[in-house]
> 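Have a look at this one.
Every number for a ligand or one of its atoms is a count from 1 in the order of the listing.
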Amino acid sequence: MKIIYCDSIINPQVIDADYETEQKAAKNAGFETHLLSFEKLEEGNINSAIHFISKKEEKEMALYRGWMVQSKTYELLYNALLQKNIQLINSPKEYEHCHYLPNSYSKIENHTPISNWMKLNDVIDFEEIYKLTNQFGENSIIIKDYVKSEKYHWKEACFIPKASDKDKIKNSVQKFIQLRGKQLNEGLVFRKFEELEFLTQHSKSSLPLTKEFRIFFLNKKIVNIFNYWDEGEYGDTKPDLKKFTQIAQEIDSNFFTMDIAQKIDGEWIIMELGDGQVSGLPDNADKNDFYKNLKKMIY
Ligand SMILES: Nc1ncnc2c1ncn2[C@@H]1O[C@H](COP(=O)(O)OP(=O)(O)O)[C@@H](O)[C@H]1O
Ligand SMILES: [Mg+2]
């Protein structure tokens with residue numbers, strides 16, 4: 001198993017500074033590492049993106065650890081690496097399963113906020129949007145696309161106090177779409193807002209932080225569990241992991257993350273899943289421990 005990171009924009013031989021400590025930890029754990037050009041990958045220039053990764057004699061498995069890419073780009077990368085006898089840990093279908101909320105929703109729906117969604121076209125159809133938001137009655141809801149929210153613009157583009165407030169929905173959806181810009185993934189998702197155990201106020205935005213954890217699963221087994229936020233006092237709050245390990249068995253991915261949070265009534269729920277290759281490690285994460293565990297679990 002090799003690990004592929006993104007290079008720094010300036011030098012194809014140098015790792016992206018944000019992943020430097022990860023690469024060191026991977027090497028310490030005994031992994032061979034490679035670099036690709038994220039800029040060229042995003043441009044669709046796939047052959048130059050992986051120019052410095054040499055073709056293997058025999059098929060080898062690899063894991064990408066880098067910035068999020070859209071499903072189409074992942075597929076491009078996956079197929080181009082296969083030509084070099086390198087197979088990424090998740091197929092394009094497996095990547096999309098955890099990357100897009102609607103794709104895995106049926107697997108987690110009893111353990112995650114009630115959600116609905118629609119594809120977005122060039123023209124925003126607010127009547128179609130209201131049909132979705134009406135299903136939440138007077139409840140509070142949050143907006144995201146199939147992958148990401150604008151959580152740091154909590155009041156303007158994420159949280160809607162009352163799902164029946166059409167003016168607020170219109171303003172927030174417009175703001176959300178404007179902020180996401182070209183990064184918008186597929187469409188809109190609306191989710192019932194759940195009252196979660198409060199941790200602290202985010203230092204740079206109005207987002208209230210809650211006691212969330214990020215669990216990494218490899219081949220359906222837990223690699224590590226991290227505090228999702230780097231601020232706030234988690235105290236000795238610890239989730240019951242048995243329930244989530246059971247749910248993980250149904251998820252169609254070999255390497256993924258599950259973010260979980262605690263409701264104020266004590267119940268633990270899933271906030272979202274993500275492909276493990278593009279889910280960040282929080283600053284507080286012990287990266288050496290993470291890569292050591294990966295190594296142990298792979299061989
Ligand atoms: N349905 C919800 N109920 C309560 N809080 C939520 C809900 N959805 C999101 N949040 C809060 O907003 C944050 C961002 O939402 P998330 O779905 O994880 O989007 P992103 O992919 O942008 O991180 C979460 O970490 C959580 O604190
Ligand atoms: Mg999140």
Side-chain angles (χ1 to χ4, degrees), residues 67-71 95-96 98-105 108-117 132-133 135-163 169 172 175-177 179-181 183-216 225-232 234 237 239 244 256-285:
W67 305 112
M68 255 179 207
V69 289
Q70 300 210 335
S71 295
Y95 179 82
E96 205 173 87
C98 289
H99 195 52
Y100 290 160
L101 179 75
N103 291 37
S104 58
Y105 184 72
I108 59 173
E109 71 177 308
N110 296 326
H111 312 278
T112 200
I114 296 173
S115 313
N116 55 29
W117 54 83
L132 294 179
T133 53
Q135 293 172 24
F136 296 95
E138 299 288 303
N139 283 300
S140 304
I141 54 173
I142 71 109
I143 312 173
K144 61 189 291 185
D145 67 20
Y146 282 21
V147 182
K148 294 298 289 175
S149 68
E150 281 294 337
K151 60 190 172 208
Y152 299 122
H153 296 94
W154 185 248
K155 287 186 178 153
E156 319 89 270
C158 190
F159 179 66
I160 293 173
K162 239 187 202 173
I169 288 167
S172 292
K175 184 78 187 168
F176 175 78
I177 291 172
L179 286 166
R180 295 297 292 141
Q183 302 298 321
L184 193 132
N185 292 285
E186 305 294 313
L188 296 174
V189 176
F190 299 98
R191 317 196 75 191
K192 179 169 180 273
F193 175 78
E194 299 284 359
E195 295 278 354
L196 303 171
E197 276 292 332
F198 182 74
L199 176 67
T200 187
Q201 198 60 42
H202 188 244
S203 51
K204 298 190 194 79
S205 74
S206 54
L207 169 70
L209 303 190
T210 61
K211 287 187 180 170
E212 279 178 67
F213 292 89
R214 168 161 287 182
I215 315 172
F216 275 85
I225 168 159
F226 300 114
N227 292 355
Y228 185 82
W229 301 111
D230 291 305
E231 357 179 340
Y234 273 68
T237 310
F244 297 111
F256 64 96
T257 52
M258 190 185 277
D259 294 339
I260 59 170
Q262 191 175 30
K263 295 207 295 189
I264 50 174
D265 67 5
E267 189 196 350
W268 286 90
I269 57 168
I270 298 174
M271 290 313 311
E272 60 172 346
L273 302 179
D275 187 277
Q277 301 173 101
V278 297
S279 294
L281 289 178
D283 289 345
N284 70 69

> Donor-acceptor check, side chain of Tyr234 to backbone of Leu199, threshold 3.5 angstrom: yes or no?
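Between the backbone of Leu199 and the side chain of Tyr234 there is no qualifying donor-acceptor contact (under 3.5 Å).
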> When you measure from atom 4 (C) of ligand 1 to every protein heavy atom, which one gives the shortest distance, and what is it?
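Ranking protein heavy atoms by distance from atom 4 (C) of ligand 1, first comes Glu194 O, 3.1 Å.
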> Under 4.0 Å, heavy atoms only, figure out whether ligand 1 is touched by the backbone of Tyr152, its side chain, both or neither.
neither
> Looking at ligand 1, would Asp259 count as a contact under a 4.0 Å heavy-atom criterion?
no
> Is it the case that atom NZ in Lys151 sees more than 12 heavy atoms from other parts of the structure closer than 6.0 Å?
yes
> Is Glu186 reaching over with its side chain to a backbone N or O of Tyr100, donor-acceptor style, under 3.5 angstrom?
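Flag not set: sc Glu186 to bb Tyr100 has no pair under 3.5 Å.
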> Is Leu101 in contact with ligand 1, taking contact as a heavy-atom separation below 4.0 Å?
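The answer is no: ligand 1 sits nowhere under 4.0 Å from a heavy atom of Leu101.
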> Quick test: of every protein heavy atom, which one is nearest to atom 7 (C) of ligand 1, and how far off is it to 0.1 Å?
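It is Met271 CE, 3.2 Å.
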> Counting distance only, does the side-chain N/O of Asn284 pair as donor-acceptor with the main-chain N or O of Asn227 below 3.5 Å?
yes
> Would you say the ring centers of Trp117 and Tyr105 fall short of 6.0 Å from each other?
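Ring centres of Tyr105 and Trp117 closer than 6.0 Å.
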> Give the contacting part of Glu195 toward ligand 1: side chain, backbone, both or neither, where contact means a heavy-atom distance below 4.0 Å.
neither
> Select one of side chain, backbone, both or neither to describe which atoms of Ile141 lie under 4.0 Å from any atom of ligand 1, heavy atoms only.
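None of Ile141 does.
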> Tell me the protein heavy atom at minimum distance from atom 18 (O) of ligand 1, and give that distance in Å.
Glu272 OE2, 2.9 Å
> Among all protein non-hydrogen atoms, which one is nearest to atom 23 (O) of ligand 1, and what is the separation to 0.1 Å?
Lys151 NZ, 2.6 Å
> Can you list the atoms of ligand 1 that are under 4.0 Å from a heavy atom of Pro113?
1 (N)
> Return the minimal non-hydrogen interatomic distance between Asn185 and Asp145, and the atom names on each side.
N-OD2, 2.9 Å
> I need the nearest protein heavy-atom contact for atom 26 (C) of ligand 1: residue, atom name and distance, please.
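Answer, as residue, atom name and distance: Glu212 OE2, 3.3 Å.
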> Assert yes or no for the condition that the ring centre distance of Phe193 to Phe136 is strictly below 6.0 Å.
no
> Checking a contact table here: which protein heavy atom is nearest atom 15 (O) of ligand 1, and how many Å away?
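Residue, atom and distance for the closest contact: Ser149 OG, 3.9 Å.
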> For atom 17 (O) of ligand 1, what is the closest protein heavy atom, and at what distance to 0.1 Å?
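Looking at atom 17 (O) of ligand 1, the protein heavy atom closest to it is Lys144 NZ, 2.7 Å.
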> For Glu109, which residues count as a side chain to side chain donor-acceptor pair (under 3.5 Å) partner, sequence neighbours excluded?
none
> Counting N and O atoms only, with roles assigned by atom type, does the side chain of Tyr95 sit under 3.5 Å from a partner on the main chain of Val69, one being a donor and the other an acceptor?
yes
> In terms of residue, atom name and distance, what is the protein heavy atom nearest to atom 1 (N) of ligand 1?
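Of the protein heavy atoms, Lys192 O, 2.8 Å lies nearest.
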> Have a look at Glu272 and say which of its N, O or S atoms is nearest the Mg ion (ligand 2).
OE2
> Does Ala157 offer a backbone N or O that forms a donor-acceptor pair with the side chain of Ser172 under 3.5 Å?
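Not a single qualifying donor-acceptor pair exists.
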